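One structure, pasted below without further comment.
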Amino acid sequence: MSTIQDLPLEDVLAEKPAVVNDFQIMIATVNGSGSQTANTVLLRAMFRMGIPVSGKNIFPSNIQGLPTWYTIRLSKNGYTARLEDYHVLVAMNQQTAADDIANLAPGGACYYPEEWNLKHERDDIVYYPMPVKALTDASDVPANLSSYIANMVYVGVLATMLNIELSYIEGALDYHFNGKAKPVQMNMKVVQAAYDWAQDHLAKRDPYAVEPMNATEGRLLMDGNSAAALGAVFGGVTFAAWYPITPSTSLIDALREDLAKYRIDPETGKATFAVIQAEDEIGAIGMVVGAGWAGARAMTATSGPGISLMTEFAGLAYYAEVPAVIWDVQRMGPSTGLPTRTSQGDVLTCYLLGHGDTRHVVLLPGTINEIFEYGWRAFDLAERLQTLVFVLSDLDLGMNLWMSDPFEYPDAPMDRGKVLTAEDIERAGRFARYEDVDGDGIGYRTLPGIDHPLGAYFARGTGHNARAVYSERPDDWVENMARLRRKWETARTLVPKPVVDQVSGAEIGLIAFGSTDPCVVEARDQLSARGVMTSYLRLRALPLEDTTRRFIESHERVYVVENNTDGQMASILHMEYPDLAPRIHSIAYSDGLPLSPRWLTAAVLEQEGR
Amino acid sequence: MSTIQDLPLEDVLAEKPAVVNDFQIMIATVNGSGSQTANTVLLRAMFRMGIPVSGKNIFPSNIQGLPTWYTIRLSKNGYTARLEDYHVLVAMNQQTAADDIANLAPGGACYYPEEWNLKHERDDIVYYPMPVKALTDASDVPANLSSYIANMVYVGVLATMLNIELSYIEGALDYHFNGKAKPVQMNMKVVQAAYDWAQDHLAKRDPYAVEPMNATEGRLLMDGNSAAALGAVFGGVTFAAWYPITPSTSLIDALREDLAKYRIDPETGKATFAVIQAEDEIGAIGMVVGAGWAGARAMTATSGPGISLMTEFAGLAYYAEVPAVIWDVQRMGPSTGLPTRTSQGDVLTCYLLGHGDTRHVVLLPGTINEIFEYGWRAFDLAERLQTLVFVLSDLDLGMNLWMSDPFEYPDAPMDRGKVLTAEDIERAGRFARYEDVDGDGIGYRTLPGIDHPLGAYFARGTGHNARAVYSERPDDWVENMARLRRKWETARTLVPKPVVDQVSGAEIGLIAFGSTDPCVVEARDQLSARGVMTSYLRLRALPLEDTTRRFIESHERVYVVENNTDGQMASILHMEYPDLAPRIHSIAYSDGLPLSPRWLTAAVLEQEGR
Amino acid sequence: MAANARVNEIGLSRNDYKGGVSTLCQGCGHNSIANQIIAVAYEMSLDPHQVIKLSGIGCSSKSPAYFLNRSHGFNGLHGRMPALATGATTVNRSLIAIGVSGDGDTGSIGLGQFKHMVRRNVPIVYIVENNGVYGLTKGQFSATADYGQELKYAGVNELPPIDICLEALAADASFVARSFAGDSKQVRELLKAAIAHRGTAVLDIISPCVTFNNHEDSTKSYAYGKAKEEPLHDITFIPFYEPIEIEDQEPGQVRAVKLYDGSHLMLKALDPTKHDPTDRMAAFRLLEEAREQQLFITGLIYVDENRATLPEISRLVDTPLVHLPPEKLRPPREVLDEINRRLTCCN
Amino acid sequence: MAANARVNEIGLSRNDYKGGVSTLCQGCGHNSIANQIIAVAYEMSLDPHQVIKLSGIGCSSKSPAYFLNRSHGFNGLHGRMPALATGATTVNRSLIAIGVSGDGDTGSIGLGQFKHMVRRNVPIVYIVENNGVYGLTKGQFSATADYGQELKYAGVNELPPIDICLEALAADASFVARSFAGDSKQVRELLKAAIAHRGTAVLDIISPCVTFNNHEDSTKSYAYGKAKEEPLHDITFIPFYEPIEIEDQEPGQVRAVKLYDGSHLMLKALDPTKHDPTDRMAAFRLLEEAREQQLFITGLIYVDENRATLPEISRLVDTPLVHLPPEKLRPPREVLDEINRRLTCCN
Ligand SMILES: Cc1ncc(C[n+]2csc(CCOP(=O)(O)OP(=O)(O)O)c2C)c(N)n1
Ligand SMILES: Cc1ncc(C[n+]2csc(CCOP(=O)(O)OP(=O)(O)O)c2C)c(N)n1
Ligand code: SF4
Ligand code: SF4
Ligand SMILES: [Mg+2]
Ligand SMILES: [Mg+2]
């Protein structure tokens, strides 16, 4: 086994006191090597120590053998944005090791398999070789299974070197394997061996360490896709149709699991739901629209390419006024783009999806809690408004683990919207599907199967009058579109309001949405440290409502921060508020990774000319 | 046969002197009744008399038996917009006769089949019964064919009553039947009989008449779809794939005819082109993209629903940088909407088509000449820019007959863009498909079949670097998108510039595009008569270029006029020029019909508070 | 006694099954089919409120507006009715779905969805009103057009036809039948069988387009020699035709039906004593042979009453999902509490 | 003598036909197929510059990056490669198109395009690397998955499989063959025949997914009884496998191939003395029988060398359209003058 090398690190370390609970770990592996368990166990162990953490998986679009990076950020201040720097590197991928090491922050620690016989080229970092092969070989796990647990070596080594009590690791493993003793034990054996080895062989020469805190009590750690699925279950979803696509697939996987758990009829053992894997996204949304029309709470989940394929049906649902929920877990576009990288690039697309004069309600959750909430609330909105509701998540929110407060039970019964019964029609003596009885632009609908001679109507994407009869009359068209406009105004009053932190005296406002929230939160602190006070409005839905107008009016300059190339939300604000457009500026960037606070701070300072 | 009734019309007519070459005729029929020949013959006859005319067909989305209206406007001033009023009614559809007559302008003339025994309820119009059945029965056309020519009765009657010499009718018939004597003769017989009958039996009691002028000499009368097809032929199109959809179908019909005429290789008798009817629009655009990639000048034509289905491929072509041309002959949306009514509702859709950060070049022809020109120029632009070029026409431009100056032969050889030969590569010793060698954002491409070991590249919609190699690297993505942005800036300099009529001292500017031009032209005269001077900019392409910015800057208020509900072009201007957005106002309307000058004048006056 | 006065088992008159006035061409086969649907629904005493009518886009797809006004209808997108049907019938398994499509709708743009619907055995009577052309867009070839057929505007079709029945069979259809719009009796019989069928019942009904499929030269017909008149008018004139109606056909017999333009369609009624419709291989053979002989087999070609339907595969509760009360849909507060407890730090 | 030093008839070494390094899983059948394409292209002395490689999206669709680096490639959209191929081969009829797709790509999302491409007889070698799952999206069932098959994450498949060969046949394919990725020799032979074929050559190659199609229970196999170990890790760990390779198979023989997880695939090599591949009816029978016996027929199932290809139907000039000089494309000025003359008022 390796001996400890002596490096002239003193100059670096001398200046650096211990850095506790405030750094980033980067674990570089290849995909298919099973590191995901090791990484999330590490993350969860520190979370259970009470330390605010966040983890991001940067993985390739293939199944096996390509570089994958996992970052774990610890932040005693509770920041969860992506840091550009990393301070502790676990280099498990020889292919990328040179780059990985080159980018390690000065003073950082580099763990790597000693089999590499790595040349220690940088003298401003600490190298820690790990006997990965030796330790796995030495484990009493059956030989054919030993490679399964190789990654546990770095878990054990890091536990020693960062000062993580093994009980936390064991707890995390227990959580990961759902309490199954055998895999927990087998993995723990390797962890323990590595831990012991490190105790004996490695001397701590870098400043990075963890310490228990009390900042995660009562919080949970979950990925957005799982939260969305759970939300949908509590939203009473009865129908989901989908077609697999990264990064939305795990949403439906979770949904199927949750439904099987919580929505099997106890009396009959049968399903109170159906989940259908369609042959493509046109099929998926078509099924969902059919189900929504028939009265179900129906949803699909997809990503950009699927959204593109749903364009025509989105227009039909808009114009025939069929409720359904579409989750777009965004990835990089245009086109197939980067299937395993994050972006907020579908904002304009979803908002306007469909040819002709089409415009959709879009929810923009920014936290795991909100994702859960919109998971059920989207159905209420869709049925109330009788239209599609898009929920925009993204790969970062959807597939990475985030801290969250516990989920809150829906605060009201399900709102099934305006659905007439046979009795209602009997009483009224008439029924006109698209009549604006209440002045809110929303007609009353009936469901197939209603037992009344006047109960049926004919849904279609072609021009129709208030009685749902085919019509090419100019006035019918104009009236119908005017009613849809009124419905849009109603939607403004029903969608979630933005979250505003208005700072008195702040000249500039920041507007953001979705997964960029952690970045904005941290950058605002950095900016304020530089003397730039900012207000902050986090959009949570389209159409916009008046809070946003007032926010913009009350700042001289407003920067719209988003993780795409074209500044799509800024464009929407420009087109919705032309009178305010000159003060609305875009700060947009997209390279596949979550936005970093350092970048945002610099971008704002630059635009502010500071 | 009918006798002439006496009506107390004197009060109406007394005030009205003869109205010559300045009124609108409305012919109400049912579709499938074959009136199209009669109507266009009438239109063309008057055109050949030297009178500026325009004709609009308002037809239902079925094949037989539903109401259809055809309007012919005569305007000695050369106006060609749709008038809301009509002054001469040919009522051939009993189903709509009541409404048709009710809407006839006071003092107008109503022709109808005497078989109806119509009650003459209005005393402010003139009724002229026509013995349609009697005259067709009396014709010596074989009985089984007589209904084919029934509509010629009103042609003959109108010829008498409006004062059209039969030689013009005959000339128009000759044109219509491509010089084939037999159908011309048979139709003329009925025309003549009706003409004679009217001479004998009808006394002129309304003021509407035509007189030869000299305002159409050297001009032609054509529908936009035919002009587009012809333009494409002169653009050297080699490949078209399509799927039938109203109102774009006749574009491809014309293209197939023209290609068969002008593009059969004289030596071999074989085709220098392929036109493939795809199984749907996804197939159509896929074939076109495949053909464009392989080096062909490839095009498709469709309408809104087809555009929706092309979304995913549009994103691929944008990002893989494949040239091709897409004609969108717009109809009413959302959804299937009104398939046989006109709209400019796909502007935003086409501009942004595709998920992710996608943005397309869009040409906006406003006249038949321009349609022809863009028919060929779109290929030059597509190949020069290596991207999709959308050409937005609409049902009004595409399917109705318009006057036009003769077509101009392309002013330059075909621009096939940056295509490397094997020799080029041999010379350079290298080839990198997406490298920005010239700083204009446009790389050099090669075509399959190039005979050089370094000549091949791999096209894809996923992330790639300058050498077209798959890449997930953040910097590759960012560089590629930055280059596409540069290409976009290059596009600005290459697309057709707007046409500007800047009126000194005009406070307000009007911006329009496409088929609304005639409406704007006429409304400007009406406005100036009301003391409102306007400048006018007609957009001819997206991306915008600086002329438009300067135009907006030089007016306090700018109104963007468009035939859709949401004011889509106004939105684009808002998002592209946020600094100018407050002065950019939307005037948008869409009811399936072309915009009327009266409506526009009123809308501007209202917004101006006058 | 007027027909209207009569009522069926559930007390409805034939009129109660009517639809709006057709806007299709006079003589269009699609109208005959709509009429047979009305007749069959009346005769079978279907509850119209339990019926849903679905369609794509096309002349054929307009049909649902012309029957069963008391039933909910959804005129969807071109070629995409199968998806709508899949969703609707899954969430309400008590509905009887009648889908009407065209050959363009099903065979061209919709082929993929059609086959996947068949494969899932979605409970629906899926009627293809097959005329070999795109009627509504004025006469282009559809994917079922005869090889070598000539149309005025579309030219000559050089592609082999897609056989809807063969496609259904290959996709494991549980019910495949073919008929001719003019054979009211057979259409009615097959409609009844289809409605009684549990899964997807594919009914390919040849329904000539009087307006655009006026082919003079068709592999379906013997040559029609009439010298063509010089056209006196253009395509915008559409003559009126009487619908074609044929008499009862003897099983096994081949019959030539004269179409509007004088061309002929060759039909052969299946002989049930000779063909076992539960034999898949026999069904393939039948279709392949008919193809070689350039004639259309009519009748019930294949049926499998045992294949599980999509709601069955999905192991749904018996109550239609859309009728489940809120308490069956939203788990109680305690369940979320328990989830939170399990998830939150640091148990 | 090193293999690299050898050159073929056009002076290229085997290396000149190589592609990039594969990023597929070790042992993936798709890699074997890519290797056979390299071998065949080399042996047939194909000019790589005249080859285009096309694909959809999926692990299989990545393959074209791993062979024939000197050929142009287009990695298109999921399920939409047929359209790209149709356009490209029509405008350049001298190209040899090799398309690689997956069963999800062709059988699920792409079924419609696939069938219409086949129907048009587009000149292309169309390979389906068929593993019954979606590899790239991690193990859902595709439309070709066995009935009753169980996957770890996707559960049990309750739908009948789509048979790519049967689908091709029903759509009037002019060349239909099936093989197994591990049978290099047969794959090579069929590839050669396919490349030599003028129209669409459909090659359905069973290519097991080592990572996700590790089914223990499959209608393709006899039961695999091994008691399952408690999983030590989750799906993110993917073991390395050696590619499966079988020895030459006797015609007519049934062979069970052991897959990575111990399950078995039943293959039956066609006996060319017993099966006439020009007999369409026989081909249907063959596929239907194999289906009933739950085994896979491998070999050339159907071929029709006479069917016209799309470029032929389109009556194209011999010169590829993309090579036509400008003067063949843009009619001269006089033509437009004449058109203007004819159109303008008032002749
Ligand atoms: C996406 C889309 N593409 C094209 C159309 C235009 N379109 C309407 S009906 C039709 C064809 C209908 O043919 P078929 O299904 O055979 O019905 P038929 O009219 O012959 O009864 C087409 C192409 C459309 N509505 N939507
Ligand atoms: C429109 C669209 N939907 C979904 C996806 C996601 N996706 C990528 S590959 C794939 C399935 C591939 O399966 P298959 O064709 O069988 O190839 P394999 O990976 O098994 O070789 C899917 C669904 C996509 N890229 N595009
Ligand atoms: S066009 Fe043909 S299919 Fe359409 S309604 Fe008329 S006859 Fe029927
Ligand atoms: S996941 Fe399966 S199909 Fe994909 S590369 Fe791995 S073994 Fe092959
Ligand atoms: Mg049809
Ligand atoms: Mg697969």
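These numbers come from the heavy atoms of this one structure, side chains and all, not from hydrogens, waters or symmetry mates. Just so it is clear, the model here is predicted, and its values are computed rather than measured. Proteins come first, then strands; the chains are lettered A, B, ... in the order of their sequence lines, and each starts at number 1.
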Interface residue of largest heavy-atom contact number with chain D, from B:M222, B:R297, B:H452, under 4.5 Å: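 When all of B:M222, B:R297, B:H452 are compared, B:H452 has the most.
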I'd like to check D:R342 versus B:L220 (side-chain heavy atoms, cut-off strictly below 4.5 Å). Are they in contact?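 No, side chains not in contact.
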Would you mind reporting whether B:V233 and D:P331 have side-chain heavy atoms less than 4.5 Å apart?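 They are in contact (side-chain heavy atoms under 4.5 Å apart), so the answer is yes.
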Which heavy atom of B:R263 sits nearest to which heavy atom of D:L329, and what is that distance?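 Taking every non-hydrogen atom into account, NH1-O, 3.0 Å.
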Heavy-atom side-chain proximity of D:T344 to B:R219 below 4.5 angstrom: no
Where on B:I264 is there a heavy atom nearer than 4.5 Å to chain D: the side chain, the backbone, both, or neither?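 Neither part, no heavy atoms under 4.5 Å.
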Name the option with the most non-hydrogen atom pairs under 4.5 Å to chain D; the candidates are B:G461, B:A278, B:G171. B:A278
With rounding to the nearest 0.5 angstrom, report the CZ to CD1 distance, B:F407 to D:I339. 8.5 Å
Need one label for D:D337: side chain, backbone, both or neither, based on atoms under 4.5 Å from any heavy atom in chain B.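 Looking at D:D337, nothing touches chain B.
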Against chain B, label D:P48 side chain, backbone, both or neither, depending on which of its atoms sit under 4.5 Å from a heavy atom there.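 The answer is neither part of D:P48.
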In terms of heavy-atom pairs under 4.5 Å, which option from D:D47, D:I52, D:L12 contacts chain B the most?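 Most heavy-atom pairs under 4.5 Å with chain B: D:I52.
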To the closest 0.5 Å, what do you measure between CZ (B:R460) and NZ (D:K62)?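 Between atom CZ of B:R460 and atom NZ of D:K62 there are 8.5 Å.
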Enumerate by number any residue of residues 98-119 of chain D whose heavy atoms lie under 4.5 Å from heavy atoms of chain B; in the absence of such residues, state 'none'. D:Q113, D:H116
Counting only non-hydrogen atoms closer than 4.5 Å, does D:I96 touch chain B with its backbone (N, CA, C, O), its side chain (CB onward), both, or neither? neither
Among B:L230, B:D280, B:T446, B:L454, single out the residue with the greatest number of heavy-atom pairs under 4.5 Å to chain D.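 So the answer, after comparing B:L230, B:D280, B:T446, B:L454, is B:T446.
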Among B:R44, B:E217, B:M414, residue most engaged with chain D (heavy-atom pairs, under 4.5 Å): B:M414
I'd like to know whether B:F372 forms a side-chain contact (heavy atoms from CB on, under 4.5 Å) with D:L336, so could you lay out the CA-CA distance, the side-chain angles of the two residues, the decisive distance to 0.1 Å, and finally the verdict. CA-CA 11 Å; B:F372 172 82; D:L336 188 61; 3.8 Å; yes
Checking D:A85 against chain B: side chain, backbone, both or neither under 4.5 Å from a heavy atom? neither
State, to 0.1 Å, how close B:G283 and D:A83 come at their nearest heavy-atom pair, and which atoms those are. O-CB, 3.6 Å
Which heavy atom in D:V322 sits nearest to a heavy atom in B:G295, and how many Å separate them?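 Answer, listing the atom of D:V322 first, then B:G295: CG1-C, 3.5 Å.
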Looking at side-chain heavy atoms only, is the closest gap between D:D318 and B:T268 below 4.5 Å?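 D:D318 vs B:T268: side chains apart.
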At a 4.5 Å cut-off on heavy atoms, which part of D:L95 comes close to chain B: side chain, backbone, both, or neither?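 Only the side chain of D:L95 comes within 4.5 Å of chain B.
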Under 3.5 Å donor-acceptor, D:R80 side chain and B:I282 backbone: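 Pair absent, no side-chain N/O of D:R80 close to backbone of B:I282.
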Does B:G235 offer a backbone N or O that forms a donor-acceptor pair with the side chain of D:R330 under 3.5 Å? no
When the 4.5 angstrom heavy-atom criterion is applied to B:A241 and chain D, the contacting part is neither
Count the heavy atoms belonging to other residues, nucleotides or ligands that lie under 6.0 Å from CZ of D:R198, then report whether that count exceeds 12. yes
For a 4.5 angstrom cut-off between non-hydrogen side-chain atoms, does D:L324 reach B:F273? no
Where on B:M49 is there a heavy atom nearer than 4.5 Å to chain D: the side chain, the backbone, both, or neither?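 Looking at B:M49, nothing touches chain D.
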Ignoring hydrogens, what is the shortest heavy-atom contact between B:F234 and D:P332? Give both atom names and the distance. CE2-O, 4.0 Å
Is there a side-chain contact between D:V335 and B:Y262 (heavy atoms, below 4.5 Å)? yes
For chain D, which of B:V289, B:L316, B:D174 has the most heavy-atom pairs under 4.5 Å?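 When all of B:V289, B:L316, B:D174 are compared, B:L316 has the most.
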Examine whether an atom of B:S404 lies under 4.5 Å from a heavy atom of chain D, and if so say whether it belongs to the side chain, the backbone or both; otherwise answer neither.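 Interface part for B:S404: neither.
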In terms of side-chain geometry, is the basic nitrogen of D:R333 or B:E408 positioned less than 4.0 Å from the acidic oxygen of its partner? no
D:N92, D:L77, D:V91: which one forms the most heavy-atom pairs within less than 4.5 Å of chain B? D:L77
With rounding to the nearest 0.5 Å, note down the distance linking CD in D:Q50 to CD1 in B:I450. 11.0 Å
Side-chain heavy-atom pair B:P453, D:R70 within 4.5 angstrom cut-off: yes
Using heavy-atom distances under 4.5 Å, tell me whether B:V288 contacts chain D through its side chain, its backbone, both, or neither.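 When you check distances to chain D, no heavy atom of B:V288 falls under 4.5 Å.
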Please report the interatomic distance OG(D:S314) to CD1(B:I276), rounded to the nearest 0.5 Å. 5.0 Å
Is it the side chain or the backbone of B:A274 that comes within 4.5 Å of chain D heavy atoms, both, or neither?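 When you check distances to chain D, atoms from both the backbone and side chain of B:A274 fall under 4.5 Å.
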To the nearest 0.5 Å, atom OG1 of B:T462 lies from atom CD1 of D:I57 at 6.0 Å
Residue D:E9 excluded, over 12 heavy atoms near CD under 6.0 Å: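 Open: at most 12 neighbouring heavy atoms sit under 6.0 Å from CD of D:E9.
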Select one option (side chain, backbone, both, neither) describing which atoms of D:L310 are under 4.5 Å from chain B's heavy atoms. side chain
Contact class of D:S71 relative to chain B, heavy atoms under 4.5 angstrom: backbone
Quick one: does B:F458's side chain get under 4.5 Å of D:H72's, heavy atoms only?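 They are not in contact (no side-chain heavy atoms under 4.5 Å apart), so the answer is no.
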Heavy-atom proximity to chain B below 4.5 Å, by part of D:L68: neither
Between D:P320, D:P82, D:S55, D:P64, which has the largest tally of heavy atom pairs under 4.5 Å with chain B? D:P64
What's the spacing between D:L316 CG and B:F239 CZ if we round to 0.5 Å?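 Taking CG in D:L316 and CZ in B:F239, the distance rounds to 9.5 Å.
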Using heavy-atom distances under 4.5 Å, tell me whether B:V322 contacts chain D through its side chain, its backbone, both, or neither. side chain
Mind ranking B:Y457, B:W293, B:F313, B:W376 by heavy-atom pairs under 4.5 Å with chain D and telling me who comes out on top?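 The residue among B:Y457, B:W293, B:F313, B:W376 with the greatest pair count is B:W293.
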Would you name the heavy atoms of B:A456 and D:N69 that are closest together and state the gap between them?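 It is CB-O, 4.0 Å.
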